[in-house]
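From a predicted model like this one, the values you see are computed outputs, not experimental measurements. Computed over heavy atoms, backbone and side chain alike; hydrogens, waters and symmetry mates excluded. In what follows, every chain begins at residue 1, and chains take the letters A, B, ... in the order their sequences are listed.
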There are 2 protein chains.
Amino acid sequence: MDGPSDHDDFADRLQRHGVTLTHQRLEIAAVLFRTMEHLSADQILARVNARNAQVSKATVYNTLKLFLEKGLLREVIVDPDRVFYDPNVAPHHHLYDVTTGHLTDIPAEAITLARLPQLPDGMVVEGVDIVIRTRPLNPP
Amino acid sequence: MDGPSDHDDFADRLQRHGVTLTHQRLEIAAVLFRTMEHLSADQILARVNARNAQVSKATVYNTLKLFLEKGLLREVIVDPDRVFYDPNVAPHHHLYDVTTGHLTDIPAEAITLARLPQLPDGMVVEGVDIVIRTRPLNPP
DNA sequence: ATGCAATATTAGACATGATCCAAATGCGCG
DNA sequence: CGCGCATTTGGATCATGTCTAATATTGCAT
């Protein structure tokens with residue numbers, strides 16, 4: 001299914017973003033960019049070490065921070081308990097299932113902001129995060 | 001400055017929302033509803049106990065959870081480290097200063113969603129949270 | 001008023017996610 | 001080949017937030 005070229009793609013992507021390659025970073029990149037799911041640090045750690053433990057917790061956190069700085073990832077803050085990392089850095093928004101904690105993307109075009117509010121002086125927009133919190137219809 | 005009627009207002013508000021009154025709950029309500037700021041649990045604890053410690057950490061958390069259930073407060077999840085509690089439960093959105101961590105309200109009318117995306121079957125919208133992350137213009 | 005059951009409060013132990021640190025490892029490059 | 005800097009690591013540490021079992025308070029019926 002996934003040939004060796006997957007890894008090469010990830011390696012390219014890291015390098016293009018100025019990240020020097022290491023075995024661990026490639027593993028983490030593979031977990032994130034293969035499925036494009038929204039994962040927490042814990043989940044990433046678990047997946048990387050699914051077979052035998054090879055990457056430490058500290059490295060996962062270091063690497064995620066690095067990837068964030070280099071613009072390879074976005075943080076998604078919707079759960080008070082943990083941060084999700086979003087491998088999709090294109091502008092888009094999120095559907096958040098409150099009951100299951102599952103996150104789904106909403107294409108940026110699916111929502112239009114009619115107008116933006118006035119910003120305080122000297123401030124610029126870093127990003128607009130829209131989260132639509134959903135739950136099953138039935139019992140509250 | 002603030003007469004004793006403030007406290008009575010808060011008491012009324014709690015009771016109208018089905019919250020039985022206690023000394024501690026009134027203190028917490030006073031802190032939240034007097035300034036209408038966005039505060040974290042820690043900040044609320046600190047303010048309530050500004051003079052002498054009277055309310056425990058556990059009670060602050062219990063009370064905040066209760067106020068949430070009763071619709072007296074909203075949670076604002078923008079900071080990975082802590083939850084902010086918003087005494088303004090009317091529909092509105094937020095400006096979040098990434099550098100200082102300061103939260104400001106945006107009136108709901110200041111933003112219009114042109115259209116909402118299709119929701120999965122049987123799911124309903126619980127709320128729409130829009131956060132505009134801002135930072136000073138100058139150096140990144 | 002008085003007693004009693006239900007509700008609220010509390011201190012401190014605990015759980016969890018995330019960070020820090022100092023030591024060890026590995027890598028690039030002369 | 002080896003030096004130096006970047007990276008990784010285990011474990012300690014931290015901060016929020018939750019839990020528990022004991023105590024205090026409250027409302028209510030009598």
Side-chain angles (χ1 to χ4, degrees), chain A residues 10-11 14-15 17-32 38-49 51-70 72-86 98 101 103, chain B residues 10-11 14-15 17-32 38-49 51-70 72-86 98 101 103:
Chain A
F10 304 150
L14 298 202
Q15 282 177 320
H17 285 256
V19 171
T20 62
L21 295 183
T22 70
H23 173 62
Q24 290 90 335
R25 289 172 182 176
L26 272 174
E27 297 245 36
I28 293 169
V31 165
L32 283 164
H38 304 79
L39 300 175
S40 68
D42 257 24
Q43 293 172 318
I44 293 164
L45 180 61
R47 296 209 183 181
V48 165
N49 293 337
R51 311 196 127 272
N52 39 351
Q54 326 154 51
V55 178
S56 73
K57 185 178 60 156
T59 297
V60 169
Y61 280 102
N62 288 345
T63 302
L64 290 174
K65 218 174 57 168
L66 177 68
F67 284 7
L68 280 176
E69 284 167 12
K70 300 300 190 178
L72 284 156
L73 293 178
R74 256 174 68 181
E75 281 180 324
V76 185
I77 319 263
V78 281
D79 182 316
D81 289 336
R82 56 202 181 182
V83 172
F84 288 102
Y85 294 88
D86 189 342
V98 175
L103 267 178
Chain B
F10 303 149
L14 297 202
Q15 282 177 319
H17 285 256
V19 171
T20 63
L21 296 184
T22 71
H23 172 61
Q24 291 89 335
R25 288 172 182 177
L26 273 175
E27 297 243 38
I28 293 168
V31 165
L32 284 164
H38 304 80
L39 300 175
S40 69
D42 256 25
Q43 292 173 315
I44 293 164
L45 180 62
R47 293 208 185 181
V48 165
N49 294 336
R51 309 197 128 271
N52 39 352
Q54 323 153 54
V55 178
S56 73
K57 183 179 61 158
T59 296
V60 169
Y61 279 102
N62 288 343
T63 301
L64 290 173
K65 217 174 58 168
L66 177 69
F67 284 6
L68 280 176
E69 283 166 13
K70 300 300 189 178
L72 285 155
L73 294 178
R74 255 174 69 181
E75 281 181 325
V76 185
I77 320 267
V78 281
D79 182 318
D81 289 337
R82 58 209 175 165
V83 173
F84 287 103
Y85 293 88
D86 189 343
V98 175
L103 267 178

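Put simply, CG on B:Leu26 is 12 Å from P on D:dT26, counting in whole angstrom units. Between the C1' atom of C:dG17 and the CG atom of A:Leu39 lies a distance of 16 Å, rounded to the nearest Å. Spacing between atom CD of B:Gln54 and atom P of D:dT25 amounts to 14 Å, rounded to whole angstrom units. Residue B:Arg82 contributes atom CZ, which lies 14 Å from atom P of C:dT19 at whole-angstrom precision. Taking atom CG of residue B:Leu45 and atom P of nucleotide D:dT18, one finds them 14 Å apart after rounding to whole Å. In this structure, A:Asp79 atom CG and C:dA18 atom C1' are separated by 14 Å, rounded to whole Å. As a whole-Å value, the separation of A:Asp42 CG from C:dA15 P is 16 Å. Between A:Leu14 atom CG and D:dT7 atom C1' there is a gap of 15 Å when expressed in whole angstrom units.
Between D:dA6 and A:Thr20, no contact under 4.0 Å exists linking OP1 or OP2 to a side-chain N or O. In this model, the phosphate group of C:dT7 is not approached by any side-chain N or O of B:Thr22 to a distance below 4.0 Å at OP1 or OP2. Within the 4.0 Å cut-off from OP1 or OP2 of D:dT9, at least one side-chain nitrogen or oxygen of A:Gln24 is found. Under 4.0 angstrom from either OP1 or OP2 of C:dA8 there lies at least one side-chain N or O belonging to B:Arg25.
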Return a table of donor-acceptor pairs under 3.5 angstrom between the side chains of residues 41-49 of chain A and protein atoms on other chains or two or more places apart.
residue, atom, partner, partner atom, Å
A:Gln43, OE1, A:Ser40, N, 2.8
A:Gln43, OE1, A:Ser40, OG, 3.4
A:Arg47, NH1, A:Glu37, OE2, 3.0
A:Asn49, OD1, A:Gln54, N, 3.0
A:Asn49, OD1, A:Val55, N, 3.1
A:Asn49, ND2, A:Val55, O, 2.8

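In terms of heavy atoms, A:Asp86 sits closest to A:His38 at OD2-NE2, 3.2 Å. Between A:Ala29 and A:Phe10, the closest heavy-atom pair is CB-CB, 4.3 Å.
Side-chain contact between B:Glu75 and B:Tyr85: present, with at least one pair of heavy atoms (C-beta onward) separated by less than 4.5 Å. Residues A:Arg25 and A:Val19 form a side-chain contact, since some pair of their non-hydrogen atoms from C-beta on lies under 4.5 Å apart. Between B:Leu103 and B:Asp79, the closest side-chain pair of non-hydrogen atoms is not below 4.5 Å. Contact of the B:Ile77 side chain with the B:Val83 side chain is registered, since non-hydrogen atoms from C-beta on lie closer than 4.5 Å.
In this structure, B:Asp81 and B:Leu66 both approach DNA chain C, and ranking their closest nucleotides by distance from the 5' end singles out B:Leu66.
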| request: Could you run through nucleotides 23-30 of chain C and give me one letter per nucleotide, 5' to 3': B if any protein heavy atom sits under 4.0 Å from the base, S if only the sugar-phosphate is that close, - if neither? | output: --------
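For the atom pair B:Leu26 CG and B:Thr22 OG1, the distance stands at 6.5 Å (nearest 0.5 Å). In this structure, CD1 in A:Ile28 is found 12.0 Å from CG in A:Leu39, a value given to the nearest 0.5 Å.
If you check every strand for non-hydrogen atoms under 4.0 Å, B:Ser40 touches nothing.
For the contact set between residues 56-64 of chain B and DNA chain D, defined by any heavy atom under 4.0 Å, the members are B:Lys57, B:Ala58, B:Tyr61.
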